[in-house]
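Have a look at the structure below before the remarks.
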Amino acid sequence: MNYVIFNGNIIERSEANVDIEDRGYQFGDGVYEVIRVYNSKMFTATEHLERIILSAKKIGMELTYTVNEMKELLTQLITKNSLEHGTIYMQFSRGVAPRNHPYPTSDVAHSFVAYTKEVARPLANLENGVKAILKEDIRWLLCDIKSLNLLGNVMAKQEAISKGCYEAIQHRGEVVTEGSSSNISIIKDGTLYTHPASNLILNGITRRKMIEVCEKDGIPVVEEPFSLNDLNTADEVFLSSTTSEITPIIQINEKLVGEGVPGVLTKRIQGLFDAAIESECGRLTTTV
């Protein structure tokens with residue numbers, strides 16, 4: 001991927017240089033999004049771009065780009081890089097200013113960076129499921145903001161990987177919140193349970209689409225906190241995210257979920273989600 005967006009212009013990646021006093025680099029003072037691309041089309045782009053504007057407002061940043069302006073730029077980037085299937089990463093930082101904890105008092109232009117990456121669908125994980133660990137949620141209390149402050153998430157994910165697992169399911173005391181890079185849902189007696197949108201989780205775009213397709217298909221959805229005991233006694237467990245889509249979780253720590261294979265209702269939800277992708281982006285060459 002040779003081209004990137006740098007402060008509103010599409011340039012060669014080799015020409016993009018970030019100042020050492022960029023507040024995103026020094027303080028994590030900024031917000032970001034990851035958008036999935038199928039068949040050279042962005043999936044749920046409007047929802048992602050509306051969320052980055054909202055995240056920015058929550059940290060006192062007013063972005064100067066509209067949703068449509070960002071969408072046009074990102075579409076140009078997809079074309080420039082000939083991206084068919086993959087992701088777009090984009091971020092805004094508060095900009096470049098002398099290092100000081102308070103926000104800059106003078107007008108500082110926000111830094112805007114975006115680039116594409118070729119990423120195949122995780123078909124093996126979607127088909128076979130993944131393993132997860134449990135991890136106490138040590139992050140700050142504004143998880144609804146998709147900020148650049150991800151060290152807590154990174155540490156949890158690294159512990160999962162080091163133990164041969166794919167994800168860390170985080171919890172505050174007895175209440176399950178979300179994964180290190182995903183939302184977590186459980187199924188019990190034919191009903192889907194997922195943590196409500198609040199400051200304790202990121203209201204994932206894939207999570208929202210999952211709820212939408214389930215409700216349209218008549219699958220009961222309950223948005224309320226669930227406990228570690230609920231998780232351990234669930235019939236099915238799955239994670240949802242932009243890059244992982246709807247991925248079954250078949251083992252948590254040493255305990256199998258159900259029979260240790262992806263559940264029937266999870267597979268049904270995968271099919272509904274695939275149909276939503278195809279409705280917006282065209283036919284998928286491979287489906288679960």
Side-chain angles (χ1 to χ4, degrees), residues 34 36-39 41 43-44 47 85-87 119-134 160 164-169 176 178-196 201-224 226 228 230-288:
V34 178
R36 201 67 158 91
V37 174
Y38 303 95
N39 298 322
K41 296 179 181 179
F43 179 57
T44 58
E47 293 88 335
H85 301 292
T87 58
V119 179
R121 295 186 70 203
L123 294 177
N125 288 347
L126 296 175
E127 180 67 31
N128 302 318
V130 298
K131 298 178 182 179
I133 63 168
L134 292 175
C165 295
Y166 182 78
E167 181 60 299
I169 300 174
V176 175
E178 60 184 345
S180 66
S181 61
S182 67
N183 293 117
I184 303 296
S185 301
I186 64 173
I187 293 169
K188 185 69 175 180
D189 298 328
T191 296
L192 187 154
Y193 295 86
T194 186
H195 196 290
I201 72 163
L202 179 70
N203 187 9
I205 304 301
T206 301
R207 171 189 177 278
R208 296 186 214 174
K209 182 62 68 173
M210 174 267 296
I211 292 172
E212 177 187 315
V213 299
C214 284
E215 290 178 338
K216 284 183 179 179
D217 198 61
I219 298 172
V221 176
V222 176
E223 293 186 72
E224 66 179 26
F226 56 88
L228 287 173
D230 295 327
L231 179 72
N232 288 327
T233 59
D235 300 324
E236 304 175 36
V237 180
F238 65 87
L239 62 87
S240 56
S241 78
T242 294
T243 53
S244 296
E245 301 180 12
I246 307 295
T247 296
I249 295 175
I250 59 171
Q251 182 176 318
I252 302 171
N253 288 346
E254 303 302 320
K255 186 179 183 299
L256 295 180
V257 176
E259 298 181 355
V261 296
V264 173
L265 195 51
T266 299
K267 285 187 169 293
R268 178 174 159 192
I269 295 168
Q270 286 179 327
L272 296 171
F273 189 75
D274 278 2
I277 295 172
E278 292 190 337
S279 176
E280 190 168 337
C281 299
R283 184 172 178 80
L284 295 171
T285 55
T286 50
T287 56
V288 180

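Starting from 1, each residue takes its place in the sequence as its number.
With respect to the salt-bridge test (charged N to carboxylate O, under 4.0 angstrom), the residues K131 and E254 do not qualify. Taking a cutoff of 4.0 Å between a charged side-chain nitrogen and a carboxylate oxygen, K216 and E212 qualify as a salt bridge. A salt bridge between E223 and R207 is present, with a side-chain N of the basic residue lying under 4.0 Å from a carboxylate O of the acidic one.
Here the NE2-SG distance, from H85 to C281, works out to 10.0 Å after rounding to the nearest 0.5 Å. A distance of 10.0 Å separates CG in L123 from CG in N128, rounded to the nearest 0.5 Å. Once rounded to the nearest 0.5 Å, the distance linking CG of D217 with CG of L272 reads 4.5 Å. In this structure, I169 CD1 and L231 CG are separated by 5.0 Å, a value rounded to the nearest 0.5 Å. The line from CD1 of I219 to CE of M210 is 10.0 Å long, rounded to the nearest 0.5 Å. One finds the OG1 atom of T266 at 11.5 Å from the CG atom of L126 (value rounded to the nearest 0.5 Å).
Between the side chain of E236 and the backbone N or O of L265, at least one donor-acceptor pair lies under 3.5 Å. Remark: side-chain polar atoms of E167 are paired, donor with acceptor, to backbone N or O of S181 under 3.5 angstrom. Under the 3.5 Å distance criterion, the side-chain polar atoms of N39 are matched with a main-chain donor or acceptor of R283. Under a 3.5 Å cut-off, the side chain of Q251 and the backbone N or O of N253 do form a donor-acceptor pair.
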With side chain to side chain contact (heavy atoms under 4.5 Å, CB included) as the criterion, how do I201 and T194 come out once you've worked through the C-alpha distance, each side chain's angles and the decisive distance to 0.1 Å?
CA-CA 11 Å; I201 72 163; T194 186; 5.9 Å; no
Between V213 and K209, does a side chain to side chain contact (heavy atoms under 4.5 Å, CB included) hold up when you go through it step by step?
CA-CA 6 Å; V213 299; K209 182 62 68 173; 4.2 Å; yes
Criterion side chain to side chain contact (heavy atoms under 4.5 Å, CB included) on V176 and D230, from CA distance to verdict
CA-CA 9 Å; V176 175; D230 295 327; over 6 Å; no
For L284 and R121, run side chain to side chain contact (heavy atoms under 4.5 Å, CB included): C-alpha distance rounded to whole Å, both residues' side-chain angles, the deciding distance at 0.1 Å, then the answer.
CA-CA 10 Å; L284 295 171; R121 295 186 70 203; 3.5 Å; yes
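Side-chain contact between T206 and N183: absent, with no pair of heavy atoms (C-beta onward) separated by less than 4.5 Å. Put simply, the side chain of I187 reaches to within 4.5 Å of the side chain of I269, judged on heavy atoms. Taking 4.5 Å as the limit, some side-chain heavy atom of T44 sits within range of a side-chain heavy atom of E280. Counting heavy atoms from C-beta on, the side chains of I250 and L256 never come closer than 4.5 Å.
Few gaps surround NZ on K255; more than 12 heavy atoms of other groups in view lie less than 6.0 Å from it.
In terms of heavy atoms, A234 sits closest to V257 at O-CG1, 4.4 Å. Nearest approach of I249 to A132, heavy atoms of both residues: CG2-CB, 4.0 Å. The two residues T242 and Y38 come nearest to each other via the heavy atoms O-OH, 4.4 Å. Shortest non-hydrogen contact noted between P262 and G129 is CG-N, 4.0 Å. Here the closest non-hydrogen pair linking D274 and E245 is OD1-OE1, 4.1 Å. Shown here for V221 and C214, the closest heavy-atom pair between the two residues is CG2-CB, 3.7 Å.
Remark: F273 pairs with F43 by the ring pair (Phe, Tyr, Trp, His ring centres under 6.0 Å) rule, at least two apart or across chains.
Looking at Y166 and S244, their side chains do bring a donor and an acceptor atom within 3.5 Å of each other.
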